[in-house]
Enquirer: 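Please find one structure pasted underneath; my questions will follow.
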Amino acid sequence: MSSTIAAISTPVYQGGLSVIRMSGSDSLRIADNIFVGKTAPSAMAGYTCQYGKIVREGRTLDDVILTVFRAPHSYTGEDTVEISCHGGVYLAREILKLLIENGAEPAPAGEFTKRAFLAGKLSLTQAEGVLDIISANGERELVSARAMRDGNLSKNIHSVAEDMVKISGNLAAWSDYPDEDIPDADTTHLGNDLSEIINRLEHILNSYDKGKILRQGIDTAIVGRPNVGKSTLMNQLLGYKRSIVTENAGTTRDVIEESVRVGDFVLKLSDTAGIRDTNDPIECIGVDLATEKLENAELVLAVFDSSEELTETDREILEKIRNKPHIILLNKSDLPEKVDPEYFFDKYILSVSANSGSGLEKLPEMIAEIFKLGGSTDSAEIYINERQRSQVQKALDFVRLALSEYHSGITLDAVTVYMDEALNALLELTGERATEAVVNNLFERFCVGK
């Protein structure tokens, strides 16, 4: 980290403001060379800012606000300068170019946060929290990301790791020095202690699927027989006409796919062909695709016409979705109801009008219940990512092996070995024993300037 780096930290578009960030031991010297104000940047105290001008060869580039953060009390732990200028692609790039001409180096992606990690300002999971804050698309994601950034996951992992160290230390003293006058390891509560650690790791692991749903969206199939309002529903959820709607049965013959945000959730919608028996070879292909989408979907929105009695095809569709996460949508609520709601075995039923959108406001609440994402967002549940899940799973597998060895009555040496491996997995998760390749791979996913 001997070099001084610089980058544009705001999106490179026209806007009200742009921010250029510089970090490293030469930051203040470089700022002195290009900034003209009442006080030289090198004479400014940390956490202070002042108005001035960025000057190149005697010519003013822009009026700016320059802010100084002094080591070690900065984001990176180094001397840091931030320049807020008028928004604009050309202007921001010219100021960045001027910094580089005076000795700064272009910052690689994620370099500022990487330096914060290497300086001990952040754990690896806290750094991932920063990335999650940037990419959050909803309140639940943001609350979880803030908790991750605040170190909640690190604290949980360290708490588990500390208990594992106590267990390993107790066993190691006995196994490493068998000829010394050391009392036998007290294993009275070892089984219970290992089981408790397993429960805590499983609790952390359980948040992965929820986080994946929030980050990647839910594969959602809209199914039903022809002319029940599937395409109208698709258009209503999207807010524009994407699917063709006619009174003729079998209008939709292919799968139409779009993504839409519904409350805190992104639904990756698939509007499918109406499911029915047909002799039309093209429509048959559409029905087969609809059935395939139904089988593979993470959530099914099953649409039925409430103004008509259930048909045999409706009943077949109900049977197909019985064991899948689904919501029954009784469409055409603006017409006299003829369907018998008591026929449905489902907990999640909505009476809606796809034409007006009436009733659909309750959809986010039902989705949250189905995927166990209900409750207030005031208390953060931390949704771990794939890297974190992999390390927690690895630690969990080793602790389970340790417990199995303990119950089998095999020498405690094997238990110690497995506990050491589990501890290594957790310390790699927090970054305390992470390899350079793991660290580099993580920060390459950041944007330049962060």
Side-chain angles (χ1 to χ4, degrees), residues 218-252 255-256 258 260-265 267-278 286-287 290-291 293-295 297-371 373-374:
I218 305 170
D219 286 322
T220 306
I222 303 175
V223 302
R225 61 179 170 84
N227 273 14
V228 293
K230 299 185 302 301
S231 296
T232 304
L233 173 67
M234 174 85 159
N235 293 340
Q236 181 65 239
L237 290 172
L238 291 175
Y240 63 92
K241 292 183 179 180
R242 176 66 175 85
S243 295
I244 297 174
V245 177
T246 74
E247 295 181 358
N248 299 323
T251 301
T252 302
V255 176
I256 299 173
E258 289 288 348
V260 63
R261 176 163 289 280
V262 177
D264 284 331
F265 311 99
L267 301 185
K268 295 186 283 188
L269 294 174
S270 297
D271 179 19
T272 63
I275 297 176
R276 66 169 179 172
D277 292 328
T278 176
V287 172
T291 303
K293 280 291 181 183
L294 186 156
E295 292 172 352
E298 296 171 310
L299 175 66
V300 176
L301 300 181
V303 185
F304 299 89
D305 188 340
S306 66
S307 68
E308 298 179 0
E309 294 182 358
L310 286 182
T311 67
E312 187 59 34
T313 300
D314 288 329
R315 292 184 174 88
E316 290 174 1
I317 292 171
L318 279 170
E319 196 57 38
K320 288 178 184 292
I321 67 173
R322 181 181 290 271
N323 296 318
K324 295 193 68 68
H326 64 272
I327 297 174
I328 300 293
L329 299 178
L330 301 181
N331 190 28
K332 305 185 184 180
S333 61
D334 49 331
L335 299 177
E337 185 178 275
K338 293 184 179 180
V339 71
D340 183 3
E342 294 185 0
Y343 179 85
F344 298 96
F345 52 83
D346 309 81
K347 176 181 178 181
Y348 302 107
I349 304 177
L350 280 179
S351 181
V352 304
S353 170
N355 271 323
S356 67
S358 173
L360 291 174
E361 68 277 359
K362 297 179 181 178
L363 198 56
E365 180 182 337
M366 284 194 172
I367 296 172
E369 286 186 28
I370 288 172
F371 291 99
L373 288 163

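Here the structure is a predicted model, which is why all the values come from computation and not from measurement. FYI, the numbering just counts along the sequence from 1.
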Enquirer: Say whether Thr232 and Asn235, considering side chains only, have a donor N or O and an acceptor N or O under 3.5 Å apart.
Expert: no

Enquirer: Say you draw a straight line from CG of Leu269 to NZ of Lys230; how long is it, rounded to the nearest 0.5 Å?
Expert: 13.5 Å

Enquirer: Taking the side chain from Arg261 and the backbone from Asp264, do they hold a donor-acceptor pair closer than 3.5 Å?
Expert: yes

Enquirer: Of all heavy-atom pairs between Asn331 and Gly229, which one has the smallest distance, and what is that distance?
Expert: ND2-CA, 3.6 Å

Enquirer: Are any of the side-chain nitrogens in Glu312 or Arg225 under 4.0 Å away from the carboxylate oxygens of its partner?
Expert: no

Enquirer: Do Leu233 and Val303 have side chains that approach each other closer than 4.5 Å (heavy atoms only, starting at C-beta)?
Expert: yes

Enquirer: Any pair with a residue in residues 325-337 that passes salt bridge (charged side-chain N to carboxylate O under 4.0 Å, His left out), sequence neighbours left out, goes on the list, sorted by first then second residue, please.
Expert: Asp305-Lys332

Enquirer: Rounded to the nearest 0.5 Å, how far does OG1 of Thr220 lie from CD1 of Ile327?
Expert: 8.5 Å

Enquirer: Counting distance only, does the side-chain N/O of Lys324 pair as donor-acceptor with the main-chain N or O of Val300 below 3.5 Å?
Expert: no

Enquirer: Closer than 3.5 angstrom, by distance alone: can the side chain of Ser333 be matched with the main-chain N or O of Val352 as a donor-acceptor pair?
Expert: yes

Enquirer: Between side-chain atoms of residues 354-367 and protein atoms elsewhere (two or more places apart, or another chain), which donor-acceptor pairs fall under 3.5 Å?
Expert:
| from | atom 1 | to | atom 2 | distance (Å) |
| --- | --- | --- | --- | --- |
| Ser356 | OG | Ser353 | OG | 3.2 |
| Ser356 | OG | Ser358 | N | 3.2 |
| Glu361 | OE1 | Gly359 | N | 3.0 |

Enquirer: Indicate the atoms forming the closest heavy-atom contact of Glu369 with Tyr348, along with that distance.
Expert: OE1-CE2, 3.4 Å

Enquirer: What is the minimum heavy-atom distance between Ile321 and His326, and which atoms define it?
Expert: O-ND1, 3.1 Å

Enquirer: For a quick test of reading the model, state the closest non-hydrogen atom pair linking Glu308 to Val339 and the distance between them.
Expert: O-CB, 3.6 Å

Enquirer: Working to the nearest 0.5 angstrom, can you tell me the gap between Leu329 CG and Ser306 OG?
Expert: 11.0 Å

Enquirer: Roughly how far apart are Asp219 CG and Glu298 CD, rounded to 0.5 Å?
Expert: 4.5 Å

Enquirer: Kindly compute the distance separating CZ (Phe304) from CD1 (Ile328), expressed to the nearest 0.5 Å.
Expert: 4.5 Å

